[in-house]
Participant: 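I am attaching a structure below and will ask some questions about it afterwards.
Convention: sequence-line order gives letters A, B, ...; per-chain numbering from 1.
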Amino acid sequence: EDQVTQSPEALRLQEGESSSLNCSYTVSGLRGLFWYRQDPGKGPEFLFTLYSAGEEKEKERLKATLTKKESFLHITAPKPEDSATYLCAVRPGNQFYFGTGTSLTVIP
Amino acid sequence: DGGITQSPKYLFRKEGQNVTLSCEQNLNHDAMYWYRQDPGQGLRLIYYSQIVNDFQKGDIAEGYSVSREKKESFPLTVTSAQKNPTAFYLCASSANSFLRDRGTEAFFGQGTRLTVV
């Protein structure tokens, strides 16, 4: 069964305190792993697509990495405006399977 | 600007009433999706469509119906058979990839919050 698990459920960081979010997956034939950012009351905003183990993508303070079993979203020196829920999803076929997300709070 | 437009942003439904949520995209995407989001449960797939005039049930299709008469539009009807419709509804679209091992990302609208009154 295709499945995505994200950890931790919630994370509180001081401004400037780097950390990582985890996305573990089991899927029959990965056709992409996707990271999204969601602000309260808004739709998810696309961040990254990863296809192959060893692949990395970066955008400002965010870097996503992929292994054969999990993906990490590294946040370097976060700012309060990085506070949001971060979702990951896999696409084994035509459907997307989403994790329940990590709620990140960055305290000034 | 290309994107996905959901309307209305807020919707109130009386008991026993059917309501329709609108989703329109101008990204020229073939695939469209409807998700329901409840606190602590992540996104759950209601229906999806890979092509015009075709759609498939997702994990929680009971009490919902859809149509896909145009490529740009994928409206969702929440029927009176849906006993717990209060939730945040998200529409998404993606391109169908022609590469077997490469699926493309989905883009989302801003959501419709449905409340039963």
Participant: Do you reckon A:V106 sits in the same ILVMFWY cluster as A:L21, going by side-chain contacts under 4.5 Å, direct or chained?
Facilitator: yes

Participant: With a 4.5 Å cut-off on side-chain heavy atoms, are B:T104 and A:R91 touching?
Facilitator: yes

Participant: What distance do B:E105 atom CD and A:L33 atom CG have between them, rounded to the nearest 0.5 Å?
Facilitator: 12.0 Å

Participant: What are the two closest non-hydrogen atoms of A:F96 and B:S94, and how far apart are they?
Facilitator: CE1-OG, 4.1 Å

Participant: With a cut-off of 6.0 Å (strictly less than), are more than 12 heavy atoms of other residues, nucleotides or ligands near CD of A:E9?
Facilitator: no

Participant: Using the rule that Ile, Leu, Val, Met, Phe, Trp and Tyr join whenever any side-chain heavy atoms are under 4.5 Å apart, tell me whether B:I4 and A:F34 fall into a single cluster.
Facilitator: yes

Participant: How close do A:G43 and B:L90 get, counting heavy atoms only, and between which atoms?
Facilitator: CA-CD2, 3.6 Å

Participant: Mind checking the CG-CG spacing from A:N94 to B:D30? Nearest 0.5 Å is all I need.
Facilitator: 11.0 Å

Participant: Count I, L, V, M, F, W, Y as connected when their side-chain heavy atoms are under 4.5 Å apart, and connections chain through other members. Are B:V78 and B:I60 then in the same cluster?
Facilitator: yes

Participant: With a 4.5 Å limit on heavy-atom distance, are the side chains of A:T100 and B:Q41 in contact?
Facilitator: no

Participant: Heavy-atom distances under 4.5 Å only: say whether A:F48 touches chain B with side chain, backbone, both or neither.
Facilitator: neither

Participant: Using the rule that Ile, Leu, Val, Met, Phe, Trp and Tyr join whenever any side-chain heavy atoms are under 4.5 Å apart, tell me whether A:Y97 and A:L87 fall into a single cluster.
Facilitator: no

Participant: As an exercise: rank A:P92, A:A89, A:G41, A:G29 by heavy-atom pairs under 4.5 Å with chain B and give me the winner.
Facilitator: A:G41

Participant: Look up atom NZ in A:K42 and atom CZ in B:F108, then write down how far apart they are to the nearest 0.5 Å.
Facilitator: 15.5 Å

Participant: Of all of B:G109, B:A31, B:G111, B:A106, which one pairs up most often with chain A through heavy atoms under 4.5 Å apart?
Facilitator: B:A106

Participant: Under 4.5 Å heavy-atom distance to chain A, tell me which part of B:Q37 shows up: side chain, backbone, both or neither.
Facilitator: side chain

Participant: Sort by residue number and list every member of residues 62-73 of chain A having a non-hydrogen atom under 4.5 Å from chain B.
Facilitator: none

Participant: Other residues, nucleotides and ligands only: do more than 12 of their heavy atoms fall within 6.0 Å of CZ on A:R12?
Facilitator: no

Participant: Taking atom CD as the centre, does B:E69 end up with more than 12 heavy-atom neighbours from other residues, nucleotides or ligands that are less than 6.0 angstrom away?
Facilitator: no

Participant: Heavy-atom distances under 4.5 Å only: say whether A:S103 touches chain B with side chain, backbone, both or neither.
Facilitator: neither

Participant: Same cluster for B:Y33 and B:L114 if Ile/Leu/Val/Met/Phe/Trp/Tyr side chains link at under 4.5 Å?
Facilitator: no

Participant: What I'd like to find out is whether the side chain of A:F98 reaches to under 4.5 Å of the side chain of B:R44, using heavy atoms alone.
Facilitator: no

Participant: Does atom CD1 of A:I107 have more than 12 heavy-atom neighbours, drawn from other residues, nucleotides or ligands, at distances under 6.0 Å?
Facilitator: yes

